[in-house]
**Q** 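Following this message is one structure expressed as structure tokens.
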Amino acid sequence: MPQMVELIDVSRDYGDVDVVHALRHFHLRIEQGERVAIMGPSGSGKSTLLNLVCGLDEPTTGVIKIEGIELSRLDDDARTRLRREKIGMVFQTFNLLSTLNALENVALPLRLNGLGPREAERRGRILLERVGLGSRMAHLPDALSGGERQRTAIARALIFQPPLLLADEPTGNLDSATGDDILHLLDDLHREFETTILLVTHNELAAAYCDRIVRMRDGSVLREERLLKTGAEIEQ
Amino acid sequence: MRKHDRISRLGPGNPQRSCNPLLVAFTLGFIPLIWSHIQVVYCQPHPATHPLTSDLRPLTSFPYLPPDARKIMEGVYRQDTSRDSSWRAVMDVRDKKGVVRQKQFIFRKLGSLGDSKTLVRFTDPPEVRGVGLLSINRKGVSERQWMYTPAIQRIRRIAPQERSRKFLGTDFTNEDMAERVLDDFEYRLIGMSDLMDGRKTYKIEAKPVASDRTQYKFSYLWVVQDLPYVVHAEMYDARGRVARIYHAADLDRIAGIWIARRVEMTTPSEGTRTILKIDDVRFNLGLKPDQFTQQALEKAE
Amino acid sequence: MIRALSLVTRRQWDRHRLRTGLTMLGIALGVSVIFAVRTANITLLGSLRQTIEKLAGTATLQVIGGESGFPEEVLDLVRSTIGVQIAEPVIEVVAHTAFSDEASLMVIGVDTTGDQELREYQFDESRSEIGDPLVYVAQPDSILISRPFADKHGLKEEDRLPLFTSHGRKEFTIRGIFKPVGIGEVFGGQVAVMDVYSAQFVFDRGRNFDRIDLMTDPEVPIETVERRLRDQLPAGLEVTRPASRGEGIENTVAAMRQGLIITSFIALLVGLFIIFNAFSISVNQRWKEIGVLRALGVEAPNIQRMFLGEAAVIGMLGSLIGVAGGFYIAVGATEVVSGIASAVYGYASTPEPPIFRLDYALEAFAAGTLTSLVAAWLPARAAARLNPALALHNIETRQPEAVLGRPRMLAGLGLILSGLAFIRFSTPRVGLMLQFGYVVLIVLGLIIVLPMLAQWIARALRPVMAWAFGPEGLLAIDTMIKAPRRTSATVGALMIGLMFVFSTGAYIQSYQNLVMRWMDRTINSDLFVTTSEQARSRTYHFSEALSQRIAALPGVKRVENVRFTFVPFAGDTAAVITIEMDGWFDRQHHPVEEGDDRLARELLPKGEGFVIARNFSTRWGTRVGDRLRLESPTGPLERPVIGIIEDYSSEKGSVFMDRELFKTYWRDSAIDFIDINLLPGVDRAAFKSELQRMLAGEQRAFIYTNDEYKRWVMSLIDQFFTLNYMQMVVAIFVAAIGIVNTLIISVSERRREIGVIRAIGGLRGQVRKMVLLEAVAIAIVGLVVGALAGALNTYFLIRTAAVILAGFTIPFHFPATLIIISMPIVVVIALAAAWLPARHAVDLHVAEAIGYE
């Protein structure tokens, strides 16, 4: 069985003259079902790493594989499809479409994939109920609280039941109580769907929910820590 | 040269005056007559200078007295005593390239200077055959002219023209065609010894009384000493250059009236020349006024 | 402070170069159309005026009559008037050569024995005069031509020049060639001079002149002579100075000019929307920047000034480009208006380069700049009123755009309704500017209700879009709904543009339908012979001899001779249509709409009455039973109006009379149209080709069968509206720029959103489709509101403009066909306009757009 995510000697440079080395000879392997937290100060290369993994950016050198598929061998549309079906994304700023209500936002990836509106919304409804927003489905993002928005975003990310979930500071814009709720939700979902999670965060507590923490500095791995118990298990 | 290409526009001068020049479009035939009696007719004859009884003899009978220039001119003006006249003319107009255009016409005149009617009828070349020109000149009344063109069977009235304009491509300007008023000029005898075609002449200077009456600054006239006829003239323009030279030759006396059989007008600056040869001259043949009407003009002969 | 702020502005422009450029282009186009139309107009008038003045030579006064001239006795009268020094008759004919190109040649008939006092002819080849003046006058085939014409056709002196005259083809002999100065400059040098009496003969003018040019005694004031002449001459003759004759022409082409100027403002109005749109978006986008500036201590008025300053600079730059571009457009526009003037009004003009009028340039410049400022006013105010704390807080908590409330809605509706009421109930005599105000009311009202209207339509469209185009369609339409300000500005631009297109189109169509129906009813001869392939020739006519020859042909039942001319009337002109009335009435079923048809049939052929066109009655308030007085060259002609008929021959209004009556009073036996009625069973087409054979190379004439004739009239109408068609294209083009601008803005504003869509799995193609669909949605909404506005404006054009300009009563037709036809066109234009923005959206760098923080 291939690795869920595999980065082999990946470097990413920006600029021509004053070259910024966002990632330097970076190696990372993530097993199926594993939860990995990436931590590090601003500018350590966390966002670059996420962009590379989801195929929004391409490495200067090195190879990135998702479930054994080499991203650089895919064209933009194939990468987009892979992203749609295999990778769910959750952002710090939620990135919901303000013109669509919660349900429409969640159903959007299905619809972009060509599914009819009825079926897409049926599945969206199930997921929204699962994340606890069964009563807020018809609300526009503006009418939702921060936590509700993030739940919607998570529901949207999971609509394809992707094997990989990328989360970029999912609690960054939330107060700590709401943040905890979201982390619990992710934990539950992980167990339920056996989703591999790659979490970028500043928050040690959030990182504690993971199996492994990768600490980065200046585009390289500073050190890795394997946690015996995740945050949720500790709480329990 | 270019300047001459341009056909005139009206200058400041006014072509209409109280006594209208007998402009005679097309009365080229008229010219020798006028010039033979001095190209001019008085419009307002002065009784004092117009004694009907006076004769030409005195001019020659008092050889020791220096003749009075004005008296000489009066004699010229009075020499034609005919009631009517008729003659044929051949007119050659030579342009500066030497191309000659010839026309022939019959000229008829009824009445005397100051009260006359003339009818010119072209006979050749075919393009102009039948074209007629009727002029009625009465002193104190603006002269009237009509032209008849047989091709479209139309009579048209001809309006007065600018005096310095050349008359239908000839070397005569409209002013040259007109009856000149004796009193418009001051005359001075300046020579008595010039010979013209073997005849002794008086050389007389004619200066306009008012400059707006003529295009010329002054003229020299040569009058034969033993007969009252201008045989040569030079007209000078405003800059004192010779504008035109007139010459009358082959003088003949018919029914007691002198007439030149050959008249020539030259424009030295342009190198063009118009020559008129006159033939079949008859005086007092009893022409009737109804031969000088618009109806008569329309009738082909 | 301002300098510091201008730095901010400059950076913004630098960053949004395309948008800034398009905004400028919007204004530039509006300005250029206005400037081009006015320049073309003044150039045409200048050219017509110059032509008149050159033809007039040194004449200080002119005596003119109607188009058919006046008897030559007038000349003696004029010459005998004290203070008149020289008076020379003139005839002008635009003739055609019998060379293969049938080039037109302006033949000026003058009395060469006297005319050279007035006009300058510079002969070449160092000739000082016509070769042989006597031959020239004696032979009616004599003609003098200009050097350019001679060179063009390889002619020299004594060569033969074949021309089509009223008596058929005639060979003329060239007796002199004059240089292209003075009179030789007129009509592009396509000029010939001949003897006026020969011209009368050759062009069948009887014993009439077109004009007398005269020079007054310099010692007598011109006014005195003018007055004396007026007192002496019949009232049908006009004494005028050459310089002021241009005004008469200006008056004649007034309908064309007014129409053009009004419509050219449409383009600027569309530009206004583009600017408004650009600035609203700019303010929206710079929310945060404004917040920062306010936090840094920039006062609200200065924020407003910053935006207004930007608008002023954009407006000025755009106007500058517009004026420069407009001047170039004017070259083509001048050709078009000259073409119309000669086709429709029969005025020959000398082609001239456009005249640059500084005042027009400044006006257009000011209009553009002002439009820009007006358009930016509201957005600038919104920027100044922004709450800085809110703006700084988070760019995502953007204020929801205010959707207009009920009071505004009601106000807008009120304006629309009052405009409609004015149009419906106002009399046509209150003046064009005031009446133009009605349509302004309507447009204003529409603009006020537009955002709401656009919303409603978009909402109605939402399920359709979702059903037809899936999520992309939904996203596209939602984008519209959520940004009513951005959308409605573009929709507004589109609305104005389409309103103009629909209403002009509907007007033209209604007019054409009307004329078509009218022709079907009244034009019932089998064949028509005309003097010109344009509406008519003012100067070239047929002789009666031709008509008699045609009448004698086997198969002909009867011919009628139509003279269509214009006479002075009440300070304007009226059309006079003369025909053998008995024959005409025989062919009409019930022509007299108002008045006694039987009486008209009885009296008109005897010359004892007139019938008038409906629009003549409307224009001049003349009713059945009134006695109508026309000034003829031989004195006044007064007859009772027996009836009113439907007639669209002239926007000036026509008076119908019997041909014999006209001939008596105008001494004019010329013919413009010969209507041929064939015996039953004679084939039209066969007869036509036979007639063509008979006339070929002999008479310049255009023969049409009944159907061809009608088609020909329709194509003339089309030609009259050429400029309007061109303006329609410009309006759509400007609106398309609006779409491009909006979509570019929409794309850049939604970078993040598009990024998200891409991030969660939206393909490039899907993003492209979304942007394109947004354009389609805008186009559809624009079409709907444009159709509404177009219908309202059509109502205005038909009820008010047509009545004022021509006195025509045109039935109102909703331009349904036109709208349906334009739908796919507008959608395609919208798609084309969306192409560039769509590419922007597709090429978006997703990671940057989402902007991890």
Side-chain angles (χ1 to χ4, degrees), chain B residues 1-16 23 25-26 28 91 93 95-97 99 101-103 105 120 122 125-133 142 144-145 147-162 165-170 174 267 270 272, chain C residues 57-60 72-73 75-76 78-80 84-89 111-142 173 175-176 178-179 181-182 195-202 207 214-215 217-219:
Chain B
M1 207 72 237
R2 290 274 151 233
K3 219 177 149 200
H4 295 285
D5 294 350
R6 170 184 272 234
I7 291 207
S8 52
R9 296 169 65 159
L10 194 75
N14 179 350
Q16 275 179 328
L23 135 343
F26 302 66
L28 285 185
M91 177 174 72
V93 180
D95 68 17
K96 67 174 188 182
K97 287 180 189 158
V99 180
R101 286 200 178 83
Q102 189 178 79
K103 289 190 184 64
F105 55 84
V120 170
F122 286 88
E127 292 97 322
V128 300
R129 181 177 298 148
V131 171
L133 203 103
S142 57
R144 285 172 293 168
Q145 290 184 305
M147 179 172 163
Y148 174 71
T149 42
I152 54 171
Q153 302 181 352
R154 290 275 336 237
I155 288 185
R156 71 182 75 194
R157 248 197 80 175
I158 292 176
Q161 308 278 316
E162 188 190 354
R165 217 176 96 203
K166 289 176 122 193
F167 174 73
L168 283 178
T170 67
N174 291 321
T267 309
E270 290 175 24
T272 57
Chain C
T58 53
T60 46
E72 59 186 35
E73 292 83 75
L75 182 61
D76 286 333
V78 171
R79 279 188 174 153
S80 65
V84 172
Q85 211 165 64
I86 298 168
E88 295 298 343
D111 186 355
T112 333
T113 57
D115 185 71
Q116 295 178 12
E117 319 274 323
L118 281 171
R119 260 165 286 267
E120 199 179 320
Y121 317 93
Q122 295 189 14
F123 289 92
D124 45 13
E125 288 161 6
S126 66
R127 270 273 168 64
S128 57
E129 294 206 14
I130 301 162
D132 192 327
L134 189 60
V135 172
Y136 170 80
V137 179
Q139 292 298 316
D141 74 340
S142 302
T173 306
R175 309 253 188 227
F178 53 87
K179 287 184 189 168
V181 287
D195 185 67
V196 68
Y197 297 95
S198 302
Q200 274 183 338
F201 175 74
V202 163
R207 302 221 153 177
L214 52 97
M215 212 150 87
D217 187 334
E219 266 137 57

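Sequence lines set the chain letters: A, B, ... in the order given, protein chains first and strands last, and positions in each chain run from 1. None of these values were measured; they are calculated from a predicted model.
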**Q** Could you tell me the separation between the CZ atom of B:R156 and the CG atom of C:D195, rounded to the nearest 0.5 Å?
**A**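 B:R156 CZ to C:D195 CG: 3.5 Å, rounded to 0.5 Å.
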**Q** Measure C:D141 against the heavy atoms of chain B and call it side chain, backbone, both or neither at under 4.5 Å.
**A** neither
**Q** I'd like to know if the side chain of C:Q139 reaches the main chain of B:E127, judged simply by a donor and an acceptor atom lying under 3.5 Å from each other, with no hydrogens or angles considered.
**A**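 Here the side-chain-to-backbone pair exists.
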**Q** Chain B heavy atoms under 4.5 Å from C:Y197: which part of the residue, side chain, backbone, both or neither?
**A** both
**Q** Quick check on B:Q153: does its CD atom have over 12 non-hydrogen neighbours (other residues, nucleotides or ligands) under 6.0 Å away?
**A** no
**Q** Taking all non-hydrogen atoms of both residues into account, name the closest pair between B:T149 and C:V137 and its distance.
**A** CG2-O, 3.6 Å
**Q** Between B:A151 and C:A138, which heavy-atom pair has the shortest distance, and what is it?
**A** CB-O, 3.5 Å
